Protein chains: 2
Amino acid sequence: MTRAAPERHDDILAAAGRRFAQSGYRGTSLQDIAADVGCSKAAVLYHFADKKAILAELVARPIDQLRELDERIAAASGPAEAQQIAAEGFVDLAVRFRRETAFLRGEFPGLFQQPPFSHLQHIPDRLAQAFAGHSDRPAARVAALVILAGIAETCGEFIDLPETELRPALLALVRRALEPVT
Amino acid sequence: MTRAAPERHDDILAAAGRRFAQSGYRGTSLQDIAADVGCSKAAVLYHFADKKAILAELVARPIDQLRELDERIAAASGPAEAQQIAAEGFVDLAVRFRRETAFLRGEFPGLFQQPPFSHLQHIPDRLAQAFAGHSDRPAARVAALVILAGIAETCGEFIDLPETELRPALLALVRRALEPVT
DNA sequence: TCGGCATCTGACCGATCGGTCAGGCATGCT
DNA sequence: AGCATGCCTGACCGATCGGTCAGATGCCGA
């Protein structure tokens, strides 16, 4: 059963996306993906150079947005503005790419230290730094970091709200969380 | 180099805890653990029946507390009380067992569906149900679920606050998040 | 009709995984 | 001294992983 290359390509991408989101990158084998698509493991590797290339293409767009967010944080005028940009930018990122950011975060520690993701190593540090900008407000710090870590996976697993509802709800939460707690 | 059994046992447990927290259960090999402890892979399997037994012992106490929380939620008088119990109980759990809950959550989907964890299958559903108790308050629902998913890993990875500071900060955040958003 | 290219398959490879096993070595009791 | 027991090792096993390869199959233009 032969399919046109672009369709197959997208089929594999979609199947891998579902599998990665549910079982993680390491927990998904090429065999699993092939079985979902309905072809052989070798066929998957005909359309993609290797397993990492599937992941790379799957997270290419959220990664681009993450990098752009990183630049905006770096260009902020002070820690307060950096924190605000980081919080809102991350919400935007998480809402727009729910599933991708889920396993992107799940595989974070090991994955971003090797090619082709090595050039992104500094980003988590910068994000954490931005979120922790106001170290005299521990609650805000906690809240922001909780949000940073939790949004993506949660949205993918439990919540089924349309983006039009989810985004303002999350933004309201972030703004509220960033207020100082007395 | 021979050590007394209880010490070795705890050494292995500690090394596994660090590795699991950083690279996940699936991403950690018995070889890694053995190398950290300074013994052979076979020695690890002399002190533990298999790899899953290490994980099981590592999460035994948080699991117990999770099960007790589950019972308290089930015994709540209504959805509002259930939500409150769930939120505060989960914070308590996450703060007390930061690192354990981190990889406990990371391996959640696949792991709780097979022995020796099968009897806990219903708990995530009950938790999610409790958190989503007030479905007419989407922001509160989002916030609670974000917290549910995010606390553990975040605390383990980014935050280095003493428990005495972290716990009240998180509780304040939860209470605030559970208030309706206009 | 025929040749060429894109798509795909089954068999195979080396590496690594979790787990097993027979035996070595130290310690401590008899 | 001799023996049993507890702790540990290196070698090994089958399974599975990501990845390769030669060749089969089907489609499409000349």
Side-chain angles (χ1 to χ4, degrees), chain A residues 1-20 22-59 103 106-107 109-118, chain B residues 1-20 22-59 103 106-107 109-111 113-117:
Chain A
M1 187 225 300
T2 286
R3 278 195 77 174
E7 278 83 356
R8 259 298 193 243
H9 185 94
D10 294 350
D11 286 349
I12 294 170
L13 225 45
R18 283 189 300 266
R19 284 279 187 176
F20 289 171
Q22 186 175 10
S23 309
Y25 176 76
R26 275 187 273 243
T28 300
S29 71
L30 292 173
Q31 193 62 252
D32 294 332
I33 299 170
D36 287 354
V37 172
C39 66
S40 73
K41 186 178 61 169
V44 172
L45 290 169
Y46 170 79
H47 292 276
F48 292 87
D50 52 22
K51 191 186 176 188
K52 212 171 288 184
I54 306 178
L55 177 64
E57 183 164 338
L58 218 39
V59 300
F103 54 78
E107 306 296 332
L111 217 57
F112 273 31
Q113 288 163 13
Q114 41 188 293
F117 303 109
S118 312
Chain B
M1 186 224 297
T2 285
R3 275 196 79 175
E7 279 82 356
R8 257 301 191 242
H9 184 95
D10 293 351
D11 286 350
I12 294 169
L13 225 46
R18 283 190 300 266
R19 284 280 187 175
F20 288 171
Q22 187 176 11
S23 309
Y25 176 76
R26 274 187 272 243
T28 299
S29 71
L30 292 174
Q31 193 62 252
D32 294 332
I33 299 170
D36 288 355
V37 173
C39 66
S40 74
K41 186 178 61 169
V44 172
L45 290 169
Y46 170 79
H47 292 276
F48 292 88
D50 52 22
K51 191 186 177 190
K52 211 171 289 182
I54 305 179
L55 177 65
E57 183 164 337
L58 219 38
V59 301
F103 54 76
E107 306 296 332
L111 217 57
Q113 288 162 13
Q114 42 187 294
F117 303 109

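Everything quoted here is computed from the prediction, not taken from an experiment. Numbers restart at 1 for each chain; the letters A, B, ... are given by sequence-line order, proteins then strands.
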* Under-4.0 Å side-chain N/O to phosphate OP1/OP2 contact, B/Arg8 with D/dC8 -> yes

* For B/Leu45, all residues meeting side chain to side chain contact (heavy atoms under 4.5 Å, CB included), sequence neighbours excluded -> B/Leu30

* Would you indicate which nucleotide in D/dC17, C/dC8, C/dT9 comes nearest to any side-chain atom of A/Ser29? => D/dC17

* Can you check the B/Ile12 CD1 to C/dG19 P distance for me, whole Å? -> 14 Å

* Rounded to whole angstroms, how far apart are CG on A/Leu45 and P on C/dG10? -> 15 Å

* Asked: Is a donor-acceptor pair below 3.5 Å formed from side chain B/Lys41 to base C/dG19, judging by atom type as modelled?
  -> yes

* Hey, does the side chain of B/His47 come within less than 4.0 Å of D/dG6's phosphate (OP1/OP2), counting only N and O? -> no

* To do: Return no unless some side-chain N or O of B/Tyr46 is found under 4.0 Å from OP1 or OP2 of D/dC8.
  => no

* Excluding sequence neighbours, so at least two apart, what forms salt bridge (Lys or Arg N to Asp or Glu O under 4.0 Å) with B/Asp50? -> none

* Asked: Just how far is it from atom CG of A/Asp11 to atom CZ of A/Arg8, taken to the nearest 0.5 Å?
  -> 6.5 Å

* To do: Return the value, rounded to whole Å, for the distance between atom CD of A/Gln31 and atom P of D/dG18.
  => 9 Å

* Asked: How long is the line joining CZ of B/Phe48 and C1' of D/dC8, in whole Å?
  -> 15 Å

* Structure fact -> Quick note, A/Ser40 side chain, CB onward, closest among C/dT20, C/dT9, D/dT9 is C/dT9

* Which whole-number value in Å describes the distance from B/Glu7 CD to D/dG6 P? -> 16 Å

* Structure fact -> Rounded to the nearest 0.5 Å, the NE2 atom of B/His47 sits from the NE2 atom of B/His9 at a distance of 9.0 Å

* Can you tell me how far P of D/dC17 sits from CG of A/Asp32, to the nearest Å? -> 7 Å

* Asked: In Å and rounded to the nearest 0.5 Å, what is the CD1 to CD1 distance from B/Ile33 to B/Ile12?
  -> 8.5 Å

* Asked: Expressed in angstrom and rounded to an integer, what is the separation of A/Leu30 atom CG from D/dT20 atom P?
  -> 11 Å

* State, to 0.1 Å, how close A/Tyr25 and A/Lys51 come at their nearest heavy-atom pair, and which atoms those are. => O-NZ, 2.9 Å

* To do: Could you tell me the separation between the NE2 atom of A/His9 and the P atom of C/dT7, rounded to a whole number of Å?
  => 12 Å

* Asked: What's the closest nucleotide to the B/Lys51 side chain, out of C/dG19, D/dC8, C/dC8?
  -> C/dG19

* **Carboxylate-amine/guanidinium proximity below 4.0 Å for B/Arg18 and B/Asp36** => no

Do any N or O atoms of the protein come closer than 3.5 Å to N or O atoms of nucleotides 21-26 of chain C, and which pairs are they?
none

